[in-house]
Amino acid sequence: MEPDIPGSCDVLVIGSGAGGGTIALRLAQGGAKVLLVDSGGQLASTPPGPGEPIGTYIRQAYPKRGSAVSQVGGQTKFYGGALYRLRERDFGELAFANGVSPGWPITYRTLEPYYAAAERLYGVHGDGASDPTEPRRSGAYPYPPVPYPPEIDDVRRRLSATGVPVTPIPRGLDVREGRGACRVCSTCDGHHCRLDAKLDAEIAAVRPALATGNATLLAGTSCTRILLDRSGKRAGGAILQRGAVEYSVGAETVVLACGVPRTAQLLQRSRARESDPGLGNAGGALGRYLGGHSAGVLFPLIGRQSLGSLHTKSFALNHLYFGDDDWPYPLGVIQTAGQMPFWSELPPGTRTAARFVAGRALTCFHMSEALPGRNSGLFFDGDRISHRIEPEMNHSAFNQLRRRAVRVFSAAGYLTIAPPRRPALWHQTGTARMGEDAAMSVVSPDLEVHGVKNLFVADASVLPSAGAVNTSLTIMALALRCGDHILGQRTCGGAIGKARAASSPARRCSSYTAG
Ligand SMILES: Cc1cc2nc3c(=O)[nH]c(=O)nc-3n(C[C@H](O)[C@H](O)[C@H](O)COP(=O)(O)OP(=O)(O)OC[C@H]3O[C@@H](n4cnc5c(N)ncnc54)[C@H](O)[C@@H]3O)c2cc1C
């Protein structure tokens, strides 16, 4: 049974994914009374029976591709646990053949201690030594890299022999040199781990937050609106909906972490009057600057026979990240993916052939940066998203990287199938981006919504750009930094621990004004 909805809290965190789960833990550890709300429920971690797969494929929970992933832990319940730091140069402006990736209002150096803390929290296994693009680190990875299975080590050896640096993907798994719960199985990336051995936001952050005794989780509860105080310039709480009933909850501070696009939608929906711009939208930046990764797939054939079940999300080729002598612009990364039964989603006529290829190939991604611009993103008609415009998909980098990837595997002796597909937008960022200038951004460099005190955003929406590596660790690091900022502010104001009668129940709503 879900707990009663309390009438107030110190900090209301909405969304429990990479950003929300992580900031909830930081705040609860810092002594704040946190109410963590997620519209989704909790996935049951029923240990698999003998011979059953350990992981449950994402399409069993979300059959429709593109449907919003919603459960405690957010998308990280299904992620591959590839936990990368952006590269130092990703924080500055970067020129591409198709446009420009914008600079950030903070530097890599500012975020480095939080990257290190996020790596410890999410138990990252890695080794930067073999990666020519690894940014400067204040310390080693918390754990050594996950060992390659022999079949994958053979591929690594052949690629290395051609002079290409092969680097282990930094992973948030509970391996710990064989002492952890992880079985390094084939049902990891794209799956929910029923052994709780993948360090997702629920396992690494939400559960420890609850264990502090300072956090309460309300699953299956949606936030429908942010409440402001009478001045209209300070957050005062939110309207929460469980079933058909709405409740008004007071909070000293509100953190939005609903992900892209739901955070931006909530900021739009929470404006006081129809004619007002959304919260943080005085400069018209809300919903804009959608970015992410311009992603494609390729299949180097590494076996004549079916490979069987194998942990294949193992290594990456990052040497083309910033281009090379033949290409003066950044290109991106080539990364092995997990074994996912993607053929089950293809039209019946192509399923058998796709399954045959996938059984003998490494499924690999190639990812370049998709370039955010003022005109990419969500466009609103009242509370509704009327349409969206994709970012500049950076076709020249995307196509060039695909060609290079085929060449790299061919040089190592692998025939590679690279279906000529249009790039897909993965790891979406932006729509409430951070910046100094309210005309060009929605939140400050401390992630506070412009013009609204004590309302923060801590999720993928604030990233000004996505670089070309997976973005979750950056979301987590930013969430930890924002958590420290809130704790610092509240300690100065003496507010921590003074939640207004948290034991009193929430008011069923009739009015939309807090305070
Ligand atoms: C199959 C798959 C594999 C991936 N692999 C990787 C990887 O290996 N590495 C990596 O870095 N990234 C990976 N990603 C992407 C990564 O998981 C996301 O970028 C990241 O989780 C985004 O974090 P977030 O905090 O912005 O949002 P989310 O994690 O999406 O969390 C948002 C949460 O907010 C909740 N919510 C939304 N609206 C409301 C509301 N109104 N009220 C209450 N709750 C609400 C949602 O239910 C959700 O739980 C993968 C994603 C998928 C789907």
Side-chain angles (χ1 to χ4, degrees), residues 12-24 35-43 55 57-59 61-62 65-86 118 122 124 169-173 188-192 198-202 205-206 217-226 238-242 255-267 269-270 292-293 295 313 316 335-338 340 342 365 367 426-432 457-463 466-467 469-479:
L12 178 58
V13 178
I14 299 157
S16 65
T22 307
I23 196 169
L35 189 58
L36 176 61
V37 175
D38 203 290
S39 47
Q42 276 176 292
L43 291 175
Y57 188 43
I58 186 169
R59 292 286 158 255
Y62 297 93
R65 186 172 276 275
S67 56
V69 172
S70 193
Q71 74 269 306
V72 174
Q75 293 176 64
T76 68
K77 290 307 288 182
F78 294 98
Y79 79 166
L83 292 177
Y84 272 102
R85 299 175 178 210
L86 288 181
Y122 283 84
V124 180
I169 298 174
R171 303 288 305 283
L173 300 178
C188 180
D189 191 11
H191 295 75
H192 157 225
K198 182 158 65 181
L199 287 153
D200 58 46
E202 185 191 16
V206 175
L217 171 67
L218 299 177
T221 306
S222 294
C223 173
T224 56
R225 191 182 178 91
I226 306 303
I239 303 291
L240 304 183
Q241 184 171 5
R242 188 191 273 168
V255 178
L256 285 185
C258 303
V260 181
R262 289 174 283 184
T263 282
Q265 262 181 300
L266 202 44
L267 287 168
R269 200 187 301 142
S270 301
H293 294 138
K313 193 162 180 78
Q335 206 175 86
T336 51
M340 287 178 247
F342 63 87
F365 303 146
M367 299 195 301
W426 286 2
H427 306 138
Q428 295 180 37
T429 58
T431 67
V457 177
D459 64 21
S461 320
V462 303
L463 271 65
V469 284
N470 319 52
T471 44
S472 288
L473 192 76
T474 302
I475 299 167
M476 294 157 181
L478 285 169

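Keep in mind the model is a prediction, meaning the values are calculated, not measured. Ligands are counted one by one from 1 in listed order, and the atoms in each one are counted from 1 as well. All residue numbers refer to positions in the sequence shown, counting from 1.
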Mind checking whether [X] and [Y] have side chains closer than 4.5 Å, heavy atoms only?
X	Y	value
Leu43	Glu202	no
Thr474	Thr429	no
Val469	Arg85	no
Ser461	Asp459	yes

Go through ligand 1 atom by atom and flag the ones less than 4.0 Å from a non-hydrogen atom of [X].
X	answer
Asn470	7 (C), 8 (O), 9 (N), 10 (C), 11 (O)
Thr76	17 (O), 21 (O)
Gly19	25 (O)
Ser70	46 (C), 47 (O)
Thr471	11 (O)
Gln71	47 (O), 49 (O)
Ile475	22 (C), 23 (O)
Phe78	1 (C), 2 (C), 3 (C)

If you have a sec, work out which protein heavy atom is nearest [atom] and how many Å separate them, to one decimal?
atom	value
atom 23 (O) of ligand 1	Ala18 CB, 3.4 Å
atom 48 (C) of ligand 1	Asp38 OD2, 3.5 Å
atom 39 (C) of ligand 1	Cys258 SG, 3.6 Å
atom 41 (N) of ligand 1	Cys223 O, 3.0 Å
atom 43 (C) of ligand 1	Ser39 N, 3.3 Å
atom 27 (O) of ligand 1	Gly259 CA, 3.7 Å
atom 31 (O) of ligand 1	Gly17 CA, 3.4 Å
atom 3 (C) of ligand 1	Tyr79 CA, 3.4 Å

(Q) Apply side chain to side chain contact (heavy atoms under 4.5 Å, CB included) to residues Ile169 and Tyr84 and explain how you reach the verdict. (A) CA-CA 8 Å; Ile169 298 174; Tyr84 272 102; 3.9 Å; yes
Does an N or O from [X], backbone or side chain, lie closer than 3.5 Å to an N or O of ligand 1?
X	value
Lys313	no
Leu473	no
Ala458	no
Val72	no
Ser222	no
Ser472	yes
Gly80	yes
Leu266	no
Ile14	no

Ignoring hydrogens and angles, tell me if any N or O in the side chain of [X] forms a donor-acceptor pair with the backbone of [Y] under 3.5 Å.
X	Y	answer
Tyr62	Ser70	yes
Arg242	Gly220	no
Lys198	Gly81	no
Ser270	Ile226	yes
Thr221	Ser39	no
Thr263	Cys258	yes

Interatomic distance, [X] atom [atom1] to [Y] atom [atom2] [nearest 0.5 angstrom]:
X	Y	atom1	atom2	value
Leu218	Cys223	CG	SG	11.5 Å
Leu217	Asp38	CG	CG	7.5 Å
Arg65	Ile58	CZ	CD1	9.0 Å

May I ask you to identify, for [X], whether its side chain, its backbone, both or neither come under 4.0 Å of ligand 1 on a heavy-atom basis?
X	answer
Thr221	backbone
His427	side chain
Ala68	neither
Gln75	both

Q) Do the rings of His192 and Phe78 sit parallel, tilted or perpendicular, given the 30° and 60° boundaries? A)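 Perpendicular, since the angle between the ring planes exceeds 60°.
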Q: Test Val72 against Leu36 for side chain to side chain contact (heavy atoms under 4.5 Å, CB included), laying out the working first.
A: CA-CA 10 Å; Val72 174; Leu36 176 61; over 6 Å; no
Q.
Checking Val69 against Gln71 for the side chain to side chain contact (heavy atoms under 4.5 Å, CB included) test, could you report, in this order, the C-alpha distance in whole Å, the side-chain angles of both residues, the deciding distance, and whether it holds?
A. CA-CA 7 Å; Val69 172; Gln71 74 269 306; 3.3 Å; yes
